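All of these numbers come straight from a predicted model, not from anything done at the bench. Sequence positions, counted from 1, serve as the residue numbers for this chain.
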Amino acid sequence: MKLYHKSYGKGPPIVILHGLFGSGDNWRTIARMMEGEYNCVLADLRNHGRSPHDMGMNFESMAADVLELIHDLNLSSVTLLGHSMGGKVAMQMAMTTPEVVEQLMVVDIAPRQYPPHHAGVIRAIRKVDMPRMSDRAQVESVLVNELGPDQSTIQFLMKNLSRDADGQLEWKPNMPVILDAYDRLIDDVPLPVPFEGPTLFIRGEQSKYILEEDMTAIRKGFPRAELVTISGAGHWVHADAPEPFVEEVRSFLSRTE
């Protein structure tokens with residue numbers, strides 16, 4: 001599958017993979033901060049953003065899409081950075097095609113299976129009867145009714161709205177397929193063979209996605225893994241603390257390039 005992507009800057013390539021319900025545009029601020037040193041490639045994963053829709057949705061198919069993108073860009077190897085679901089796709093690639101992953105950075109996710117943290121978000125999305133929505137305010141009202149004061153999540157979801165050729169509001173992501181695939185997207189990433197390349201795990205201090213007990217499995221699958229914690233940040237580490245986040249990325253790359 002040919003993924004929609006944007007590139008910022010010149011230099012060693014960093015392919016950045018977003019999380020669930022996100023898009024490459026979520027990482028534009030980080031790319032702009034790093035474009036003087038690196039070629040940051042922001043990809044929309046399948047069924048997200050402006051990339052094609054497909055009924056298949058699992059880590060293997062998404063990793064294959066990213067590999068195709070890397071080949072299409074005529075890159076022999078890249079630094080791979082993935083957040084949340086994108087982090088699992090990045091780990092999948094490190095396991096299956098380590099020859100193209102020069103360095104790996106995983107943001108606020110471990111390779112384990114997770115409980116259905118997004119159940120409320122999924123319920124809210126299902127409540128939006130899009131054919132009956134005439135404007136964005138109506139969609140937002142439905143989301144507020146379901147998610148209450150969680151404005152950060154509501155505004156994150158609102159970024160996924162667009163209009164079709166007839167002017168009808170629609171979700172940019174392929175929501176039916178994503179929701180149906182959700183159980184696969186919170187599953188574990190098999191770690192059959194250790195990835196021996198330099199690896200950085202970044203977590204938010206206020207997030208519980210990477211716990212101390214996760215480090216045993218992480219270091220088994222990624223023997224060279226380092227872990228850093230960004231003070232004051234939650235799960236969206238790069239949005240909560242962009243400057244400290246970029247500082248940690250630069251520090252890691254300066255040691256491993």
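Nearest heavy atoms, Pro190 versus Gln92: CD-OE1, 4.4 Å. In plain terms, the two heavy atoms of Ser77 and Glu102 that are nearest each other are OG-OE1, 3.0 Å. Ala110 and Ile218 make their closest contact through CB-CD1, 4.3 Å (heavy atoms, listed as atom of the first residue, atom of the second, distance). Between Pro98 and Thr96, the shortest heavy-atom contact is CD-C, 3.4 Å. Across Phe222 and Leu104, no two heavy atoms sit closer than the pair CE2-CD2, 3.5 Å.
A side chain to side chain donor-acceptor pair (under 3.5 Å) check over residues 61-70, counting only residues at least two apart or in different chains, returns the pairs Lys2-Glu68, Arg46-Asp65, Asn58-Ser61.
Taking hydrophobic clusters as Ile, Leu, Val, Met, Phe, Trp and Tyr residues chained together by side-chain heavy-atom distances below 4.5 Å, Ile178 does not share a cluster with Tyr4. When the side chains of ILVMFWY residues are joined at heavy-atom separations under 4.5 Å, either directly or via intervening members, Met215 and Met95 end up in a single hydrophobic cluster. In the hydrophobic clustering of ILVMFWY residues, with side-chain heavy atoms under 4.5 Å counting as a link, Met158 and Phe156 come out together. The hydrophobic cluster containing Leu67 does not contain Val193, counting ILVMFWY residues as joined when their side-chain heavy atoms lie under 4.5 angstrom apart, directly or transitively. Cluster membership for Leu169 and Val144, using ILVMFWY side-chain heavy atoms within less than 4.5 angstrom, is shared.
Using a 4.5 Å cut-off on side-chain heavy atoms (C-beta onward), Arg224 and Pro198 make contact. Taking 4.5 Å as the limit, every side-chain heavy atom of Ile109 sits out of range of all side-chain heavy atoms of Phe201. Side-chain contact between Ser231 and Thr229: absent, with no pair of heavy atoms (C-beta onward) separated by less than 4.5 Å. Between Leu185 and Asp183, the closest side-chain pair of non-hydrogen atoms is not below 4.5 Å.
Listed for the Gln155 side chain is no donor-acceptor partner under 3.5 Å among the backbone atoms of Gln151. Distance alone, capped at 3.5 Å, places no donor-acceptor pair between the Lys220 side chain and the Leu191 backbone. With Asn47 contributing its side chain and Asp54 its backbone, the two residues share a donor-acceptor pair below 3.5 Å. Side-chain N or O atoms of Asp166 include none that pairs as donor or acceptor with a backbone N or O of Gln168 at under 3.5 Å.
Residue Met34 shares its hydrophobic cluster (ILVMFWY side chains chained together at separations under 4.5 Å) with Tyr8, Ile14, Ile16, Trp27, Ile30, Met33, Tyr38, Leu42, Leu81, Met105, Val107, Leu200, Ile202, Val228, Ile230, Val237, Phe245, Val246, Val249, Phe252, Leu253.
With salt bridges taken as basic N to acidic carboxylate O contacts below 4.0 Å, one links Arg255 and Glu226. In summary, Glu35 and Lys10 do not engage in a salt bridge, as defined by a charged side-chain N under 4.0 Å from a carboxylate O. We find that Arg219 and Asp214 are not joined by a salt bridge, their nearest charged nitrogen and carboxylate oxygen being 4.0 Å or further apart. Salt bridge Asp25/Lys6: present, at least one basic N to carboxylate O contact under 4.0 Å. Electrostatic pairing of Arg112 and Glu213 does not count as a salt bridge here, judged by no charged N lying under 4.0 Å from a carboxylate O. The pair Glu170-Arg163 does not meet the salt-bridge criterion, since no charged nitrogen lies less than 4.0 angstrom from a carboxylate oxygen.
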*Do Arg126 and Glu146 pass the salt bridge (charged side-chain N to carboxylate O under 4.0 Å, His left out) test, and can you show the C-alpha distance, the side-chain angles, and the key distance before you say yes or no?*
CA-CA 10 Å; Arg126 292 193 190 278; Glu146 294 297 319; over 6 Å; no

_As a quick check of understanding, evaluate side-chain contact (heavy atoms from CB on, under 4.5 Å) for Lys88 and Asp188, giving each step before the final call._
CA-CA 8 Å; Lys88 287 194 168 184; Asp188 66 310; 5.5 Å; no

*When you look at Lys208 and His235, which way does the side-chain contact (heavy atoms from CB on, under 4.5 Å) test go after all the steps?*
CA-CA 8 Å; Lys208 298 186 183 300; His235 182 56; over 6 Å; no

*For Trp236 and Ser152, run side-chain contact (heavy atoms from CB on, under 4.5 Å): C-alpha distance rounded to whole Å, both residues' side-chain angles, the deciding distance at 0.1 Å, then the answer.*
CA-CA 10 Å; Trp236 287 304; Ser152 61; 4.1 Å; yes

*Going through the checks in order, is the side-chain contact (heavy atoms from CB on, under 4.5 Å) test met by Val139 and Met130?*
CA-CA 8 Å; Val139 177; Met130 200 61 80; 4.3 Å; yes

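Annotation: ring pair (Phe, Tyr, Trp, His ring centres under 6.0 Å) contacts of Tyr182 (sequence neighbours excluded): His118. Every residue meeting the ring pair (Phe, Tyr, Trp, His ring centres under 6.0 Å) condition with His117, not counting sequence neighbours, appears here in chain and number order: Tyr209. Checked against ring pair (Phe, Tyr, Trp, His ring centres under 6.0 Å), Phe21 has no partners two or more places apart in sequence or in another chain. Partners of Gln103 by side-chain hydrogen bond (donor to acceptor under 3.5 Å, both in side chains), not counting sequence neighbours, listed by chain and number: Thr79.
Here CD1 of Ile70 is found 6.0 Å from CG of Leu80. Values are rounded to the nearest 0.5 Å. Remark: Glu37 CD to Ser254 OG distance equals 10.0 Å, nearest 0.5 Å. Between atom OG of residue Ser51 and atom NZ of residue Lys172 there is a gap of 11.5 Å, rounded to the nearest 0.5 Å. The CG atom of Leu20 sits 10.0 Å away from atom CD1 of Ile186, with the distance rounded to the nearest 0.5 Å. Considering CD of Glu99 and CE of Met93, their distance stands at 8.5 Å, rounded to 0.5 Å. Distance check: Asp240 CG to Ser207 OG gives 9.5 Å after rounding to the nearest 0.5 Å.
With Leu3 as reference, Val66 is the one residue of Asp44, Val66, Asp72 to meet the side chain to side chain contact (heavy atoms under 4.5 Å, CB included) rule.
Atom CE of Met55 has 12 or fewer neighbouring heavy atoms from other residues, nucleotides or ligands inside a 6.0 Å radius.
Using a 3.5 Å distance cut-off with no hydrogens or angles, the side chains of Glu247 and Ser251 do not pair a donor with an acceptor. Between the side chains of His18 and Asn26, no donor-acceptor pair of N or O atoms lies under 3.5 Å.
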